Amino acid sequence: MANLKVEFLGKVFKNPIVAASGTFGFGEEYNEIYDVGLLGGISSKGLTLNSKQGNEGIRLWETPMGLMNSIGLQNPGLESFISREINIMKQYKTNLIANLGGNTLDDYLNGVLLLNDSDVDIIELNISCPNIKAGGMAFGIKADIAYATVKAVRGICGKPLMVKLSPNAESISEMAAACEEAGAEALSLINTINAMAIDIYAKKPVFNNYYAGLSGPAVKPIALRMVHQAAKAVMIPICGMGGISSARDAIEFIMAGASIVQVGTANFVKTDICLDIIRDMEEFLHSQGIRDINEIIGII
Amino acid sequence: MANLKVEFLGKVFKNPIVAASGTFGFGEEYNEIYDVGLLGGISSKGLTLNSKQGNEGIRLWETPMGLMNSIGLQNPGLESFISREINIMKQYKTNLIANLGGNTLDDYLNGVLLLNDSDVDIIELNISCPNIKAGGMAFGIKADIAYATVKAVRGICGKPLMVKLSPNAESISEMAAACEEAGAEALSLINTINAMAIDIYAKKPVFNNYYAGLSGPAVKPIALRMVHQAAKAVMIPICGMGGISSARDAIEFIMAGASIVQVGTANFVKTDICLDIIRDMEEFLHSQGIRDINEIIGII
Amino acid sequence: MESNPMMKTSITKILENNRICENIFEMVAASDIKPLPGQFYMIKGLNGDYLLPRPISVHDYQDGKIRLLYRVSGHGTNQISRMKADDEVQILGPLGNGFDVESLNGKIAIIGGGIGIAPLLYLVKNIETQKPDVYLGYKDDTFCADRFRPYCKELTVVTEDGSTGQKGYVTDFVNISDYDIVITCGPDIMMEKILRECGEKNIEVYASLEKRMACGVGACLGCIVNTKDGNKRVCKDGPVFSGRDLTV
Amino acid sequence: MESNPMMKTSITKILENNRICENIFEMVAASDIKPLPGQFYMIKGLNGDYLLPRPISVHDYQDGKIRLLYRVSGHGTNQISRMKADDEVQILGPLGNGFDVESLNGKIAIIGGGIGIAPLLYLVKNIETQKPDVYLGYKDDTFCADRFRPYCKELTVVTEDGSTGQKGYVTDFVNISDYDIVITCGPDIMMEKILRECGEKNIEVYASLEKRMACGVGACLGCIVNTKDGNKRVCKDGPVFSGRDLTV
Ligand SMILES: Cc1cc2nc3c(=O)[nH]c(=O)nc-3n(C[C@H](O)[C@H](O)[C@H](O)COP(=O)(O)OP(=O)(O)OC[C@H]3O[C@@H](n4cnc5c(N)ncnc54)[C@H](O)[C@@H]3O)c2cc1C
Ligand SMILES: Cc1cc2nc3c(=O)[nH]c(=O)nc-3n(C[C@H](O)[C@H](O)[C@H](O)COP(=O)(O)OP(=O)(O)OC[C@H]3O[C@@H](n4cnc5c(N)ncnc54)[C@H](O)[C@@H]3O)c2cc1C
Ligand SMILES: Cc1cc2nc3c(=O)[nH]c(=O)nc-3n(C[C@H](O)[C@H](O)[C@H](O)COP(=O)(O)O)c2cc1C
Ligand SMILES: Cc1cc2nc3c(=O)[nH]c(=O)nc-3n(C[C@H](O)[C@H](O)[C@H](O)COP(=O)(O)O)c2cc1C
Ligand code: FES
Ligand code: FES
């Protein structure tokens, strides 16, 4: 039996597989299908200070081995989260990551203050949501804006702070380094890649916002490159994601420098795929005579 | 019969379908299979001043609905091109685009000088090849470097000048605007996206250069978004590409702002796919009562 | 309308996958969980070159076998239709709320349009109190209409081209005011018309809705419909909605 | 060694696709172009979730039908193996230079390893001057060895586990010096050994090489092999190379 246990931001992850933000709700629905406590962690649906109804119009669009989404951060708001959803999530014996979005610095700061007193294990600061028109995006594109944001958040944050990077950043290496310097204790990447689809019969963009976020196996090779770049640019640990659909994919991210990984779109392809991935990772390590997953983190 | 004819940089394209650089050689091999003169144009394999042997090690890697390549600009060099390959290409009754790569500004300038006196219809300045270690890449990433390069080239260029953008640019909009301002008469995009693959058994990156360029259907939604962004940022015409595999894809790019498009990886999937695309585009226009393809260029 | 007593992902061999007409197919597969009428499954062939499973309603269920009636309307359903007996298929479900058949009392009209008739057979078979009147509208080919006959009081078949049954739109042949409850599934335009009319006449109405889905279980918030009570998930809170709640 | 008199992309129905043993399959499809021994085809099922066609050698050709013998070694060949008679397959070819059978004069040894035996049958059948000695090396299952018997002077079968024929590596059972010409196809390590030995002993040798391919026709420069004469394309200048030209 190979060891899959990893320490990340001072928390023990029983395995490196975390359900990705926005693809797993608050775990409740998937827990009807399998015990989500078997996962290393769950990253919550992206939360905002106030509840949000999200975007109008088509929200999902399939592409060749990819998925575009424009959910627009529909969520119950932080107050509801802290009084209700967090308690559901806490029942599962796994790490609870609160994914926090926002349009302005104040949104982030007020959000963090609320989460400070809650039971979440890690805050994942989402400076990269591509589906909000005003503001949200810029935080994730320019390294100097990201630096200022993370620095301010770090100043008041009482929880381990992981910053989620956007693949739309001007330079992933510079962005990663800026966030580290500003006090991020870990980085997660990638969020979805800005993309477009057109309904050629209607002669209109498919999404009301024109662009939407691309995820899934199609983006994996790009995500892996970015995780490798980020890992080379910083000393802090990394949570890698983007298209992971198999143990092989997960191991690639880990070898490229991720300590833990998130699985998003693949949950839609096969509801219990995370369990397959955990099982197959262990088998891979065993077959290769690798006794501990920690031995291969970042070996490339 | 709908009209597929487009004028682009003063040349008549009998249809908007151009074989993409690096995927079609100099047309010779594909012409054994079908009459490549039926295409709107052919963009040559990327050329450099001196001949190049290209990269060692694995050069191709399949990904979910994508292809990574690290050819490294293997080519016979401009002298050979001008004395030999160009004559082969000129036999085909179609537009001849010379794709020009380089590591230094001087490479580009000397290359353009040679091409000035040749029979090529258009020069496609490739400031974006991701597979050359030194230099090559930076031209395509920073808008100010691109500006300086294009400006210098424009100064001596006696041919219509199309600049090929990299999706790895910090900002596609700024890059497009910078190239326009520097004198580019058209833009083509996207080149391949930097990506990575790892051989988890060997614990090594698949490619000697670590990263390689991703193309094919997987990248289409990203490419389409970038073409739309570029089209909104400039007034000059655009040649769109990235994952086009069907008439539907081609029409999406045209609606997003491309006057002509290039088809690359899809040629590998089905050797004569360009002919299918041309036929199906015409059928689409006809079925939608669109009499002239020019009516739908950039309508989104 | 309590939902999902149980559901699971299973990979199973297709028992049958037959063409019914033009581009309508029927798949039969084993499933040991008895679905509620109106529930659906997320279906994916193991070798398809499409990413997401496709939502398909239960058309019938008997002796541990589900029947799915589906129309080839794009790339995914095309590939599903090419599968043969013994090929492996991934099935998640049953999903969604389904119809609360026990609450259906009174004179019932069931109105299906096109492939929207798929979920209605299993519903009709499970209405115990009183046989409903069933109205089925088609463009031309009138597939599977006969399957309804044994379970309904009256069956009205309508085709747009008049090739079978009455000629016209199915909605033109229903006198809504005759019924206590109306249930509908079909093209948006047909359902909207019925919802509006029932609303005006204050008649209880249920519609089974369709939205693009990713997770199918309520987690991704991709399949939202606006209701008077805010956003609802078609996959989890639906696909069956009461006209009272919808904002049409 | 002049190449490709003609080639084309065709979409055709599979005539047969049978399992031969463990993970070796054989596909039969119609093709009206007679290939040269050593040529290959780019093969793709119409519904596979993989992007690129797979290169597969001609194993045999008769009466307008090509036979392809292939090993399931990954995702694409796995999907190809699941296709059934009447499923549609896209075939591009014949491609590559092939063997120049007319120039093969003298005592010939043909050495195949594993699935590398695939292209050798059609070659052996087409050597007219003198029947060659054929050496086939396998890990365990000795598939298709009997097919060679009628066309060779002597047939030596070797398995690594000794379950059939001789036990050991096939290269241990060939006395290279006995031959004027050696032809080989199989694992790199086997071919390298043979190339080196033939080089030392100055014996004419031909190897059929494998490289990852995209276009298959010589345009993409993805399948390069270093030769004494610079980079050559395995798909167009090969797959058959003379030991004289290779740098091993
Ligand atoms: C709850 C529910 C039950 C359904 N029951 C049936 C049924 O019993 N029989 C039947 O024939 N059809 C049914 N549908 C519709 C069926 O899901 C779509 O026709 C199918 O998904 C189209 O897939 P495609 O690959 O052929 O089309 P494509 O256009 O290639 O699909 C692209 C993407 O859009 C989605 N999509 C396209 N059209 C629809 C649609 N109308 N509804 C939902 N998603 C769509 C696909 O799922 C896929 O993700 C149902 C839909 C829902 C939501
Ligand atoms: C000229 C030529 C002739 C061949 N003839 C035969 C034959 O007759 N029978 C047979 O069983 N095999 C043959 N092969 C090998 C066969 O092409 C590969 O086994 C097959 O492509 C593997 O595909 P996959 O999807 O199963 O593997 P995957 O590993 O999933 O393939 C991923 C990618 O790598 C490529 N690839 C992987 N392994 C090889 C390889 N060994 N050679 C070339 N490309 C590879 C695939 O084509 C694909 O693009 C031949 C190869 C070449 C180049
Ligand atoms: C439907 C959907 C909703 C998402 N919502 C969020 C979100 O609220 N916050 C966030 O940080 N990322 C969100 N993401 C991005 C994912 O967490 C993940 O970064 C991305 O999808 C790449 O991983 P994948 O390819 O495994 O899905 C969402 C992704 C999808 C597909
Ligand atoms: C094998 C290969 C070689 C390529 N070589 C070149 C090149 O020499 N010069 C260049 O500008 N682009 C080159 N490209 C990029 C293509 O021209 C095109 O920009 C890219 O592949 C996206 O289009 P596609 O998805 O249709 O292939 C190459 C692409 C491939 C796949
Ligand atoms: S499909 Fe994910 S919430 Fe309905
Ligand atoms: S596969 Fe393209 S050159 Fe050989």
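In what follows, every chain begins at residue 1, and chains take the letters A, B, ... in the order their sequences are listed. If you're wondering where the values come from, they're calculated on a predicted model, not measured in any experiment.
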Could you check whether any side-chain heavy atom of C:Val89 comes within less than 4.5 Å of a side-chain heavy atom of C:Met83, counting everything from C-beta outward?
yes

Max heavy-atom pairs within cutoff under 4.5 Å with chain A, candidates C:Leu92, C:Ile11, C:Ile224, goes to C:Ile224

Region of A:Thr23 in contact with chain C, defined by heavy-atom distances below 4.5 Å:
backbone

Residue A:Pro64 versus chain C: region with a heavy atom under 4.5 Å
neither

Please identify which of these residues, A:Asn31, A:Val36, A:Leu96, meets the side chain to side chain contact (heavy atoms under 4.5 Å, CB included) condition with A:Ile42.
A:Val36

Between C:Tyr138 and C:Phe143, is the gap from one ring center to the other below 6.0 Å?
yes

Under 4.5 Å from any heavy atom of chain A - which part of C:Leu221:
both

Given a strict heavy-atom distance threshold of 4.5 Å, which part of A:Glu28 is in contact with chain C: side chain, backbone, both, or neither?
neither

Can a cation-pi geometry be assigned to C:Lys44 and C:Tyr50, taking NZ or CZ under 6.0 Å from the six-membered ring centre and within 45° of the ring axis?
yes

Checking the side chain of C:Asp161 only, and the main-chain atoms of C:Ser163 only, is there a donor and an acceptor separated by less than 3.5 Å?
yes

I'd like to know which of A:Val269, A:Leu67, A:Thr271, A:Thr265 tops the heavy-atom pair count under 4.5 Å against chain C.
A:Val269

Student check: side-chain heavy atoms of C:Thr247 and C:Val225 closer than 4.5 Å
no

Okay, A:Ser245 and chain C: the region with an atom under 4.5 Å from a heavy atom over there is neither

Please flag which part of C:Met42 lies under 4.5 Å from any non-hydrogen atom of chain A: side chain, backbone, both or neither.
neither

